[in-house]
Amino acid sequence: MKKIISVVAFAVSALFVGTPQADEAAVKGAIAKAMPAVKIDSIKPSEIKGVFEVMVGANIFYASEDGKYLLQGHLVDLASRTDLTEEKLGGARKAALDKVGEDNMIIFKPKIGKYMVSVFTDIDCGYCRKLHSEIDQYLAEGIKVRYLFYPRAGKGSDSYTKAISVWCADDRNKALTEAKKGATPKEKTCANPVDQHMQLANDFEVRGTPLIVTEKGNLLPGYVPAKQLAEFLKDEQAKN
């Protein structure tokens, strides 16, 4: 889902000291001094002269070459009507999900796999339950579904406790299916990735559930029927 340009400028303050033509290292230093808690993954020149692209996890920002200003928003090529930022964000989201790893997801696999999606889910979300009630339809379309937890009520909520209990169950897939039907899972605790899932959801700016992330990192908010999702994924693959 491409966004209309909405650029929010943040004055980082004039902390940069040096020549007017800054390089990547100098811009990184200026940002690190202004916001030491931010972990910068990469800085490189953007498509706009004098503006650097700053990658922070699954997010992209833009910095002025003098190190004074940081901008958040989407860069659009008006000639081609291409959202350049969204294209790069897709790759960043894919890399972030790969970093989580399938060992830290609950996965429903089709007999013959054609496509794959990652779904941020809340056990108590109505449309999340609707999606999972049709899991066999998604599998029949050859869609591998990888679940990550995003209890919208936050840490300590009933949904959060249920997510951990499902993860800690002997049969996670069965426990998730039963919980989606309304059963309260037996409360259990163990080492779990729920907080990691929630942090990633925040990085992806998830506002609701379910949130479907395609194999290319595109976002599809909300419930999408199996056949419609399969058609979207087929078209996405064809564009490769």
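Computed from heavy atoms alone, side chains included, the values below leave out hydrogens, waters and symmetry copies. Predicted, not measured: the structure shown is a model, and the values here were computed from it.
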Legend entry - Salt bridge flag under 4.0 Å for residues Glu102 and Lys144: yes
Legend entry - Backbone N/O of Val119 and side chain of Arg146: donor-acceptor pair under 3.5 Å: no
Inset, instruction - Answer yes or no: is there a side-chain heavy-atom contact under 4.5 Å between Leu139 and Lys109? - result: no
Legend entry - Thr85 side chain to Leu75 backbone, donor-acceptor under 3.5 Å: yes
Legend entry - OH (Tyr223) with more than 12 external heavy atoms under 6.0 Å: yes
Inset, instruction - Indicate the atoms forming the closest heavy-atom contact of Leu97 with Met105, along with that distance. - result: O-CE, 3.6 Å
Inset, instruction - Taking the side chain as every heavy atom from C-beta outward, state whether Val166 and Pro185 have any atom pair closer than 4.5 Å. - result: yes
Inset, instruction - Could you note down all residue pairs passing ring pair (Phe, Tyr, Trp, His ring centres under 6.0 Å) where residues 148-184 supplies at least one of them, sequence neighbours left out? - result: none
Legend entry - Closest contact, heavy atoms only, Tyr138 versus Val224: OH-O, 2.5 Å
Legend entry - ILVMFWY cluster, Val51 and Leu89 together (side-chain gap under 4.5 Å): yes
Inset, instruction - Measure from the side-chain N and O atoms of Asn104 to the backbone N and O of Val100, and report whether any donor-acceptor pair falls under 3.5 Å. - result: yes
Legend entry - Of all pairs that satisfy disulfide (SG to SG under 2.5 Å), the ones with a partner from residues 143-210, not counting sequence neighbours: Cys168-Cys190
Legend entry - Cluster overlap Leu211 with Met116, hydrophobic side-chain contacts below 4.5 Å: no
Legend entry - Main-chain N/O of Pro210 paired to Asp122 side chain as donor or acceptor, under 3.5 Å: no
Legend entry - Minimal non-hydrogen separation, Val56 against Lys39, with atom names: CG1-O, 3.4 Å
Legend entry - Where Asp83 and Glu86 come nearest, the two heavy atoms and their spacing: OD1-N, 2.9 Å
Inset, instruction - Verify the neighbour count for atom CG of Asp103: are there more than 12 heavy atoms of other residues, nucleotides or ligands below 6.0 Å? - result: no
Inset, instruction - Using a 4.5 Å cut-off on heavy atoms from C-beta on, say whether the side chain of Val117 contacts that of Val213. - result: no
Legend entry - N-O pairing of Asp77 and Arg81 below 4.0 Å: no
Inset, instruction - Can you see which heavy atom on Pro110 is nearest to which on Gly113, and at what distance? - result: CG-CA, 3.7 Å
Legend entry - Contact list for residues 97-118, test ring pair (Phe, Tyr, Trp, His ring centres under 6.0 Å), sequence neighbours left out: Phe108-His132, Phe108-Tyr147
Inset, instruction - Rounded to the nearest 0.5 Å, what's the gap from NZ on Lys174 to CD1 on Ile106? Could you check? - result: 14.5 Å
Legend entry - Crowding at NZ, Lys28 (>12 non-hydrogen neighbours, <6.0 Å): no
Legend entry - Approximate separation, where rounding is to 0.5 Å, of Leu148 CG and Gln196 CD: 8.5 Å
Legend entry - Listed once per pair and sorted, the side chain to side chain donor-acceptor pair (under 3.5 Å) pairs that draw on residues 42-54, sequence neighbours left out: Glu47-Lys88, Glu53-Lys88
Legend entry - Distance in Å, Glu24 CD paired with Ile40 CD1, rounded so as to fall on 0.5 Å steps: 12.0 Å
Please table the atom pairs, donor to acceptor, closer than 3.5 Å between any side-chain atom in residues 226-233 and protein atoms at least two apart or in another chain.
{"residue": "Lys227", "atom": "NZ", "partner": "Glu141", "partner atom": "OE2", "Å": "3.0"}

Inset, instruction - Mind jotting down which residue pairs meet the ring pair (Phe, Tyr, Trp, His ring centres under 6.0 Å) criterion with at least one end in residues 77-104? Sequence neighbours excluded, please. - result: none
Inset, instruction - Supply the atom-to-atom distance Leu70 CG to Gln72 CD, rounded to the nearest 0.5 angstrom. - result: 8.0 Å
Legend entry - Asp203/Arg93 ion pair, N-O < 4.0 Å: no
Inset, instruction - Heavy atoms only: give me the nearest Ser165-Lys186 pair and the separation to one decimal. - result: CB-O, 3.4 Å
Legend entry - Lys94 backbone acceptor or donor facing Glu215 side chain under 3.5 Å: no
